[in-house]
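Just so you know, ligand 1 is whichever comes first in the structure, and atom 1 is the first atom listed for that ligand.
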Amino acid sequence: MRHVKKAIKDAGLKKTYIHEIVLGRKSNRIFEIQQLVKDLFDGNELSKGFPVKLLESISYSSHTMSGDGCTSSDQVIAKLIEMGFDNSTVIKAVKAVGPSYHNAIEYILNGSHENFKGTQISTSNGKTLGKRAFSATSSGVQTRQSSILDHLRSGTRPKQSRSDVVSDVSISKSVALPSIAEEHKEPYSDINFSLETEPASLPVLFPEEVDIGSDWEMKVNSLLQKHFGYSSLKNFQKEALSAWFAHQDCLVLAATGSGKSLCFQIPALLTGKVVVVISPLISLMHDQCFKLSKHGVSACFLGSGQPDSSVEQKAMRGMYSIVYVCPETVLRLIEPLQRLAEIRGIALFAIDEVHCVSKWGHDFRPDYRRMSILRENFNANILKFLKFDVPVMALTATATTQVREDILRSLCMSKDTKIVLTSFFRSNLRFSVKHSKTSSPASYKKDFCQLIDMYIRKGNTSEKGKTSVLQELDDQSDCSASIGISGPDRISPNYNIEDGNIDEDDDEVNSTMENAPNASWEEEMSVEYLENDVDVCQNVDDWDVSCGGFNGYSPRQYWNTYGSSEINDPPDKPNKRLKILQEPLEQGLTIIYVPTRKETLRIAKYLCGFGVKAAAYNASSLEAYYQEAGRAGRDGKLADCILYANLSRVPTLLPNRRSEDQTKQAYKMLSDCFRYGMNTSCCRAKILVEYFGEDFGNGKCLSCDTCVDGPPDMQNLKEEAKIFLQVISAYNVQSNFMDGSYDDGIHSDKIRHKFMEKPNLKMFVSIIRDQSQKFLATDLIWWQGLARIMENKGYIREGDEKVHVQIKFPEVTKLGLEFLQSEREESFNVYPEADMLLSTKKSKCYSSFSEWGKGWADPEIRRQRLERSFNRQPRKQRKPRRKRKWSRTSNPESSTVRGRLSAKLSKKK
Ligand SMILES: Nc1ncnc2c1ncn2[C@@H]1O[C@H](COP(=O)(O)OP(=O)(O)OP(=O)(O)O)[C@@H](O)[C@H]1O
Ligand SMILES: [Mg+2]
């Protein structure tokens, strides 16, 4: 250990500082660490037994390690063992200092543990590197990232001299150690840890055409095995790579977690040229570089998030195999990239998350659109040294047909661009929609009681939570009437169906929060606290798991393999899918997405109050959602995806500055999402898959709520539909009438007054209620549901120019008029939508409002209803409203000057 300490000292870095970096507190100082590594190597320290894994870890642990106080002993032990310390040393250290990386490393490095020798070091693949490996590296010569290329070429070409090949291509030093050790069976006479390779000394490393040969698939598989431990490429990866081999542009549309990154990583490994990846988020780039470093592939990211200004220069000299860069930076780097294409070669431009290109996508980034610059500047016409244009590979998991077309057009991708499309169907995801008051903490109990219960059973709670949570939930149920928390099966008493709005009350919110257990916890829950906490707890490995279960089946292929439904399956074919779905859901992490930063804090606070380990992740923007979305079920296991939606409220756009076009698009997307929530009869997976333009066939996912619960009973709403159309068409006639010169002197004023404004749905509903006793008690949201159904059938349309989420100014169409005038006896059977069901929940026994209305005529039903309404709990006492002006005048005894004066006057009288 003395040698290590000396080396650290010689390198000019204080030991505590190293620890700071190891613990992630100085996450941006990778290069200083690399300097340390270099010095340690130069100083022959490795042969003295300093664990290579520790060095390796130093450079990336800033991303991976949890901070002290946030981890269990097990986690600390596991990580330290992974770093190369031996088992007993680690256990002893953790026993002595508790579950703290910092203290445990301190303990070990201070020599408190004598036995620490570090002679056997585990590699990331679980293999061991012996002492030989370290002594070999110590001689310090040239590093060779392109040994892979050698490997590829071995069969086809005479071996090139090492200096020819990669003498100057150094990798992200420390991180590449394991792969170097594995690749070279001979002593590492060529390893160079110098970071200062001069661009001028760079030879043209690879001729334009790398002879990869026809057996490329075999070569790729061997690389896959070597670097990533996978046995073969997935079909869509093969397709994308064969397009790249053919120098074609390619658009890859594959589900999240399916393995798109490999499509652009392999070209770098195969050719030794650079792959430039355009990515929208620093955090994504960071994660990917880190993952690649674990697999022994050199990568860096450029842009505002890169703290080391020298990285850009190094990248432009060809010192990294994969360069992640944000679109804004690409625009600035065109010339250096052209030079790079000449000196080292650019194998591919990959544009990841390419839906950002499109205004019609869900996260438009204007500079992404300007990536057409790549096509324009990296083609064989402009760069004479190129034989072929540098291919562009665009990748995304979410692109509708419209977005796809926009991508191809705006990136100027070539006409023969290959489109590689996998199914959007994720058979292990169970979709469902639940009604919730969403952002009100008063609804948390209802929404999260199962979740809390699950984690309590799992034991993933603090002691306090374990003992008290059920009681707490019960206690809260008891006071639900006074604080307005509804039980799981009831509609909240303060839920105002008539307005179609929730009666939210800040006092209720506050009182609920006060009632949440563990009130002292409040002090800790500052935004800063949570963000720091999250920085520590969330590293990519916590959330990501390899996508073992992504099968890429289209729905049809899936049905053929597993069966889709009992009805469609041949009788001799066991319905494997049903069996799979009946298996219990494995407990794992839960991610709750909410639209505001404030709410992440509220929910985290609420859950932690019950002892559930929860943290808020606030990255301020949709981007964070983006990064985390689609994480569910990446391991192939069953996962629930529950949308909590306020089904009684038409959603509005989040305030944002948008162009007119973008606003329209945002409305369209909101409307699609709204309708997804309101749907009660169609398989949810089908809606989602078809949204992306894929045919789902007639199968069902069998796992979403609509498949499992079945659709609601159909209702014959002919009477309601007809009166609705009548009222609207009457207005249409009246308004035409008003446009003319008709004036009988009696009606015109009244009509004018009534129809001065364009009548909206709400007004039509009130006219219906006025006209018919039967519909007196109907809710606006019920009619909103009916309006949607009628709109889908083409009977009405929106009369306003604007794009809408929910029809607001209905107009009757020709088809609607035909329906209205039809004398046929046909019924109008429809599945009521979620909002309609919600509004009729109280009177379930009636299949429609016409029956509900009829009920009043029956003396017994009337008696029961009245009785029920008398027995109903009184609404929660609200805070008295502030007195209004008029009330002061009406109360001469009040304490106002005017009141006292009028009291005086009246006394005088
Ligand atoms: N051929 C393969 N065999 C087995 N696993 C693979 C294969 N290719 C990729 N994977 C694994 O699949 C997982 C997901 O990969 P990746 O992050 O590239 O997905 P993605 O499609 O880019 O997802 P996202 O849309 O979220 O960005 C990773 O753990 C990766 O290692
Ligand atoms: Mg990806």
Review point. Are Arg675 and Asp672 close enough for a salt bridge, meaning some N to O gap below 4.0 Å?
Key: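 Salt bridge: no.
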Review point. Should Lys234 and Glu239 count as an ion pair when the cut-off is N to O under 4.0 Å?
Key: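 A salt bridge is absent here (no side-chain N lies under 4.0 Å from a carboxylate O).
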Do any nitrogen or oxygen atoms of [X] come within less than 3.5 Å of a nitrogen or oxygen of ligand 1?
X: Ser258; answer: yes
X: Gly257; answer: yes
X: Leu262; answer: no
X: Lys260; answer: yes

Check your understanding: Heavy-atom count around Arg370 CZ within 6.0 Å, excluding the residue itself: above 12?
Key ->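 No - once you tally the heavy atoms of other residues, nucleotides and ligands closer than 6.0 Å, there are 12 at most.
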Exercise for review: Could you tell me which atoms of ligand 1, counted from 1 in the order shown, lie closer than 4.0 angstrom to a heavy atom of Ser261?
Suggested key: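 The atoms of ligand 1 under 4.0 Å from a heavy atom of Ser261 are 16 (P), 17 (O), 18 (O), 22 (O).
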Practice item. Would you mind listing which atoms of ligand 1 come within a distance below 4.0 Å of any non-hydrogen atom of Ala255? Key: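 Within the 4.0 Å cut-off of Ala255, ligand 1 contributes 21 (O).
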Exercise for review: Look at the side chain of Asp249 and the backbone N and O of Ser414, then say whether any donor-acceptor pair between them is shorter than 3.5 Å.
Suggested key: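 The answer is yes, because a donor-acceptor pair under 3.5 Å joins these two groups.
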Point to revise | Proximity of Ser231 to ligand 1 by residue part, where a heavy atom lies under 4.0 Å | key: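 Under 4.0 Å from ligand 1, Ser231 contributes no heavy atoms.
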**Study point:** Ala254 contact mode with ligand 1 (heavy-atom cut-off under 4.0 Å)
**Key:**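 The answer is neither.
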